[in-house]
2 protein chains.
Amino acid sequence: MAQTDTKTRILDAAEQLFARDGYHSTSMRSLTELAQVNLAAVNYHFGSKEGLIKAVFARRLNPLNRIRQEQIEAVLQQAEAEGARPQAKELLRAFIAPILEFRKTESGAQNFLTLIGRSLSEPDETVRSYFIQQVLPIFTLLFRSLQHALPQLPEQLLFSRIQFAMGAMSHMMVNSPQHQKTLPGFPKPLPTEQMADELLEFISAGLEAPC
Amino acid sequence: MAQTDTKTRILDAAEQLFARDGYHSTSMRSLTELAQVNLAAVNYHFGSKEGLIKAVFARRLNPLNRIRQEQIEAVLQQAEAEGARPQAKELLRAFIAPILEFRKTESGAQNFLTLIGRSLSEPDETVRSYFIQQVLPIFTLLFRSLQHALPQLPEQLLFSRIQFAMGAMSHMMVNSPQHQKTLPGFPKPLPTEQMADELLEFISAGLEAPC
DNA sequence: TTATAACTTAAACACTCGTTTGAAACGGCT
DNA sequence: AGCCGTTTCAAACGAGTGTTTAAGTTATAA
């Protein structure tokens with residue numbers, strides 16, 4: 001399977017370099033060198049550099065978003081079975097936890113998390129819009145579910161708070177404990193596991209603040 | 001004053017394009033064309049493209065951070081005069097409000113806010129590290145002050161929560177209401193003023209969550 | 001084995017990049 | 001007026017960009 005092998009090697013190298021150096025600062029030459037494939041292989045298999053980053057997103061995001069959807073719907077169904085409202089924190093956990101779970105299992109996943117953490121503030125229109133397009137369905141589901149969980153919160157306000165939460169979340173993914181070097185005079189970052197728990201606490205408290 | 005005029009025009013154009021397209025995607029040719037100066041003018045006045053972005057940061061951040069420092073110290077002194085602990089929310093307001101105040105007065109300030117909002121997740125080492133270097137003193141002051149405000153919070157946990165807050169904050173600055181186009185099916189964003197207030201509520205609630 | 005499709009390869013293409021150069025123009029000074 | 005430091009200018013430099021080409025190689029199916 002020289003074919004599949006080549007495509008996979010390209011995707012892995014792209015994930016690594018796009019995350020570390022950014023999309024535009026990564027050259028096809030350094031990418032194909034790292035992947036140990038010919039320079040023309042990317043255009044042959046993915047059409048263009050833009051086609052490549054779309055494939056990088058799709059490979060990880062498709063299975064990941066399927067799991068997130070299942071978990072959110074599980075929270076909704078259990079709440080309905082109990083005749084209660086779903087809890088905001090549980091919905092957020094269903095949205096966030098699969099990401100960190102996936103970091104532990106998949107190799108190179110940390111690279112991908114840095115990449116999507118940066119994608120929300122990506123200046124390049126094509127990169128950002130393709131990322132948003134991939135994430136929009138699961139984001140919509142989260143938004144509608146949180147409306148049920150927090151019915152007293154005006155729609156506009158809920159939307160803003162979710163945006164704040166996304167900001168905190170993507171910031172954590174970019175500055176993961178592994179990557180960030182401890183600044184002198186500041187405490188060393190929490191281990192990843194605990195950091196994720198604390199993020200959930202932080203976001204839940206912010207979402208559920210009185211209005 | 002043709003000299004100052006040229007430098008200012010370059011700084012304004014750089015602020016605008018670096019914010020909109022990112023540092024690397026902005027070419028000296030498009031930048032100098034927008035500024036209506038000669039291509040070589042940037043290298044003459046600022047030495048290099050890197051020298052230019054340093055100057056872009058310094059022009060806005062120096063006065064801004066001075067104001068933030070004054071306001072934080074004012075909160076601390078008033079608390080001490082009352083023999084009470086400073087309130088976390090007031091410290092955060094002193095940190096955030098000057099940014100939005102400055103958006104209303106300075107023209108082109110919104111561009112700059114987008115720029116620094118993106119700088120925290122900037123892949124390029126030189127850009128990010130220079131930004132961090134500019135912000136570190138005021139960030140340190142905020143951190144120490146919040147330690148006084150929330151003494152029951154472990155140092156590591158406080159640090160993480162401040163990071164989450166920075167993420168929410170920078171995300172808001174990048175996706176300002178003016179820039180973001182409303183997605184169909186979602187509420188339109190809050191006006192800037194109210195958005196800033198809500199950000200403060202969100203962050204305060206997250207910071208003061210029980211542990 | 002042979003025809004055919006899939007894949008890999010080295011080389012070139014047409015641009016764009018940040019920076020440098022040396023001459024020209026400007027402005028304040030004696 | 002004439003000098004001189006400052007600023008502007010058009011042109012070019014060398015290096016790097018994503019993509020294309022056409023020939024070569026390998027695998028698949030008849």
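In what follows, every chain begins at residue 1, and chains take the letters A, B, ... in the order their sequences are listed.
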Practice item. Between protein and nucleotides 15-21 of chain D, map the contacts as a letter string: B base, S sugar-phosphate only, - none, heavy atoms under 4.0 Å, written 5' to 3'. Key: --BBBBB
Exercise for review: Would you check if there is a donor-acceptor pair between the side chains of B/Arg144 and B/Gln147 at a distance under 3.5 Å?
Suggested key: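 The answer is yes; a qualifying pair exists.
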Exercise for review: State, without any angle test, whether A/Gln156 and A/Ser160 hold a side-chain donor-acceptor pair at a distance under 3.5 Å.
Suggested key: no
Practice item. May I have all residue pairs that pass salt bridge (Lys or Arg N to Asp or Glu O under 4.0 Å) and include part of residues 20-41 of chain B, sequence neighbours excluded? Key: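 Pairs touching residues 20-41 of chain B that pass the test: none.
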Please tabulate, for side-chain N and O atoms in residues 132-141 of chain A, each donor-acceptor pair with protein atoms closer than 3.5 Å (sequence neighbours left out).
residue: A/Gln134; atom: NE2; partner: A/Tyr130; partner atom: OH; Å: 3.2
residue: A/Thr140; atom: OG1; partner: A/Leu136; partner atom: O; Å: 2.8

**Study point:** Contacts of type salt bridge (charged side-chain N to carboxylate O under 4.0 Å, His left out), residue A/Arg93, not counting sequence neighbours
**Key:**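 Expected list: A/Glu90.
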Practice item. Report the residues that fulfil salt bridge (charged side-chain N to carboxylate O under 4.0 Å, His left out) with B/Glu73, sequence neighbours left out, ordered by chain and then residue number. Key: none
To the nearest Å, how far apart are [X] [atom1] and [N] [atom2]?
| X | N | atom1 | atom2 | value |
| --- | --- | --- | --- | --- |
| A/Phe46 | C/dA6 | CZ | C1' | 15 Å |
| B/Tyr44 | C/dG22 | OH | C1' | 14 Å |
| B/Glu33 | D/dC9 | CD | P | 14 Å |
| A/Gln36 | C/dT8 | CD | P | 13 Å |
| A/Lys7 | C/dA6 | NZ | C1' | 12 Å |

Point to revise | Presence of A/Thr6 side-chain N/O under 4.0 Å of C/dT8 phosphate oxygens OP1/OP2 | key: yes
Exercise for review: Find the distance between CZ (B/Phe112) and CZ (B/Phe18) and round it off to the nearest 0.5 Å.
Suggested key: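 Rounded to the nearest 0.5 Å, the CZ-CZ separation comes to 12.0 Å.
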Revision key, fill the gap. For B/Ser48 and B/Val42, the nearest pair of non-hydrogen atoms, with its separation, is O-CG1, 4.2 Å
Check your understanding: Should stems be defined as at least three consecutive Watson-Crick or G-U pairs with both distances under 3.5 angstrom, which of them involve DNA chain D?
Key -> C:4-28 with D:3-27
